[in-house]
Q: 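Before I ask anything, let me first share the structure, which is written out below as structure tokens.
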Number of protein chains: 2
Amino acid sequence: MTSNPIRPRATIREVAAAAGVSMGTVSRVAGGSTRISEVTRARVLAAMKDLSYQPNAAARAMRTNISKTVGMLVPDLGCPVFVRMIAGVKEVLAQNGYMLFTFSSESEVSQEITFLQAARQRQLDGLIVSVVDETSAETARELQMMGVPIVVVDREIKLDADRVFVEHTQAMEALMAQLIAMGHERIGFVTAALNRPGRLRVAAYRNALQRAGITVDPDLMRTDGAGRGAAYGTSETYDLLTNGAAPTALIAAGSDFFFGALKAVRALDLSIPDQLSFVGADDTELAEIAGPPITAIERDMREVGRMAAKLLLDRFAGNALPPRTIIQSSQLVLRKSIGKVQPTRRAPAIKKHVEQTTPAE
Amino acid sequence: MTSNPIRPRATIREVAAAAGVSMGTVSRVAGGSTRISEVTRARVLAAMKDLSYQPNAAARAMRTNISKTVGMLVPDLGCPVFVRMIAGVKEVLAQNGYMLFTFSSESEVSQEITFLQAARQRQLDGLIVSVVDETSAETARELQMMGVPIVVVDREIKLDADRVFVEHTQAMEALMAQLIAMGHERIGFVTAALNRPGRLRVAAYRNALQRAGITVDPDLMRTDGAGRGAAYGTSETYDLLTNGAAPTALIAAGSDFFFGALKAVRALDLSIPDQLSFVGADDTELAEIAGPPITAIERDMREVGRMAAKLLLDRFAGNALPPRTIIQSSQLVLRKSIGKVQPTRRAPAIKKHVEQTTPAE
DNA sequence: CTGTTAGCGCGTTCAG
DNA sequence: CTGAACGCGCTAACAG
């Protein structure tokens, strides 16, 4: 420990002594209770400031079983979608005097379990979770034992909890309609279908093709990216574009696949949209700034965060109604990266090889 | 609260009863003490599992004054630099049984103060901080009262604490040398000079120009971006490139200015590097993927995070030596976005106006 | 309005 | 090796 001239933190007892009142009185002032005479309150506040008193959260939590802290579990802090959601959650919680304890599981179930156990030890008052793998029984079991209100974000888990879902189907259908109208029939799709967002998008992809009378080519679907990050986007995109009949359009859904796929397209030196129509998802900044700007599916995750936090606060306030589900829309944002299929379109020649790409870190 | 059939959390007392031993025995098993007979240990562990017992962190913290939790303060979770640092910190702390409590101040001193007070209440065992404004007396005062080991990352604050610094000067000088060698004399610079990284970069920028016998044009320096985010990058870049004699090269240091500046360049439809040499910093992904790939100053922030965490753990272990400072290098990564000044170079014509841009959120 | 007191759950004595 | 008892700092309940 660095040498520190500070004496140990002041306790409520010391404040009481300094102010010449009892501990109970100090406690009431700290708790913002009414029924305190203005003069004593002022004296107590002065003493607190004097000793730079901060109430001991552990003692308070032990006594009240309330920690004024909410836990938030996300799979990846590198994903802008979650960063924005965190901002929304924090905004609402801060207004209500709660702290947010954010944890990134780095897409590992084991880390997720560790966090949930730590959360239980620390008696977090509630949880907002976006789990890595909604099919994980281990995670589900842990969640069931939490014993505090939980809000699940865009995952389908059997659990007595409120939910905030995003509407993925409509935006995906709009996208497919757009691409099909432009003449695309071979549409590559790189994503992770493990959880709700991916599952719905894959379903919408298939439905749209079938409705248009286009045979679904399984080889164009690379939907096994769960936990594999940007590298999956790069390798699958490279493979799609260089082996056999290449797609004329490519959808990379999920910010890391978006990035990874774009990397492969750059390495192959394909021109967007002339040689390939390209669509991303979940990374507005990248979509705006890549040259050319890229059509993408986007959603207001900050608002999702706000809604999740509000659902939780509502439970804290004693609401005991059955679980609710809120649905937030998503949008297809058209930019310059998609275009009509060229009549004479052929598979792009292989220009050069992609260096073996590993995830960003 | 959602109806929950779970009975309240098991206490150490219940575990003791279930295992037919005393509380003290359970505590010793939980604490991993030796000197426990194998049979009783097994019985206790079985009971703990049975009741899915998790020790009450509040009670433990109250008793021991150790929370096994480290706090981390960053200005912005949207900045990849901090996200990577967090990953590094978490990696090392997790290996040592510590949890990480990350807080983003959203570049607001007031939020920073709130966090530091909350940290004191929760008796976090140590802190890793990257403050918004190293000149804030309020923040400094709060930090001095923490009473726990602190590691400061790339900020100059008068404080009895360990430090991890990044070497900014060399990379910046290398960059300037490169640009000057390419014939650039009018080099625009958009950044925030409030804290250590910006200050050092600005100093290196001036020095390099002076050493090359080039007059420093203050109008080319837009170094007042602190707290203004990407919008500052966009508006200043637009202004630089459209008013008066435009620079032939532009450096946007800081991930948000990088993004914002690139946005303005795109809006003006300038071709990189033909019409403008462009250099970024701190956002490797964007630099790699923008068309064309962009020369940038980069640093291994994950390693910075690891080092910060190790310094802290060292203090926890009782190291009482005077404060140490560790320095991490940074690199200039050359990509295709810079080139020689065209002999016939003129200020680019104004092509169109930039829409009024607000920060990403 | 204010003072007093009894635990919250745990880790750490100190006796056995 | 095990059990019993104390108190960490605080809040709530009750007395005055």
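Each chain gets a letter, A, B and so on, in the order the sequences are listed, and its residues count up from 1. Keep in mind it's a predicted model, so treat the numbers as computed, not measured.
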Q: If you check the A59(A) side chain, which of dG3(D), dC8(D), dC10(D) turns out closest?
A: dC10(D)
Q: Is any side-chain heavy atom of L77(A) closer than 4.5 Å to one of F82(A)?
A: no
Q: Quick one: label R60(A) by what it contacts on the DNA or RNA (base, sugar-phosphate, nothing), any heavy atom closer than 4.0 Å.
A: sugar-phosphate
Q: If you find the nucleotide of DNA chain C closest to S22(A) and the one closest to A58(B), which residue's nucleotide is nearer the 5' end?
A: S22(A)
Q: Given atom CE of M23(B) and atom P of dC6(D), what is their separation to the nearest angstrom?
A: 13 Å
Q: Are E134(A) and R196(A) ion-paired here, with the side-chain N under 4.0 Å from a carboxylate O?
A: no
Q: Check the orientation of Y98(A) and F316(A). Use parallel for under 30°, tilted for 30 to 60°, and perpendicular for over 60°.
A: parallel
Q: Looking at Y53(B), I'd like to know whether one of its side-chain N or O atoms comes within less than 4.0 Å of OP1 or OP2 on dG9(C).
A: no
Q: With respect to the phosphate group of dT12(C), does any side-chain polar atom (N or O) of T64(B) fall under 4.0 Å of OP1 or OP2?
A: no
Q: Of the nucleotides dT2(C), dC8(C), dC10(C), which has the atom closest to the N56(B) side chain?
A: dC10(C)
Q: Can E138(A) and R141(A) be counted as an ion pair, charged N to O under 4.0 angstrom?
A: no
Q: What does S37(A) touch in the nucleic acid at a heavy-atom separation under 4.0 angstrom: a base, only the sugar-phosphate, or nothing?
A: sugar-phosphate
Q: OP1 or OP2 of dG3(C) sitting under 4.0 Å from any side-chain N/O of T25(A)?
A: yes
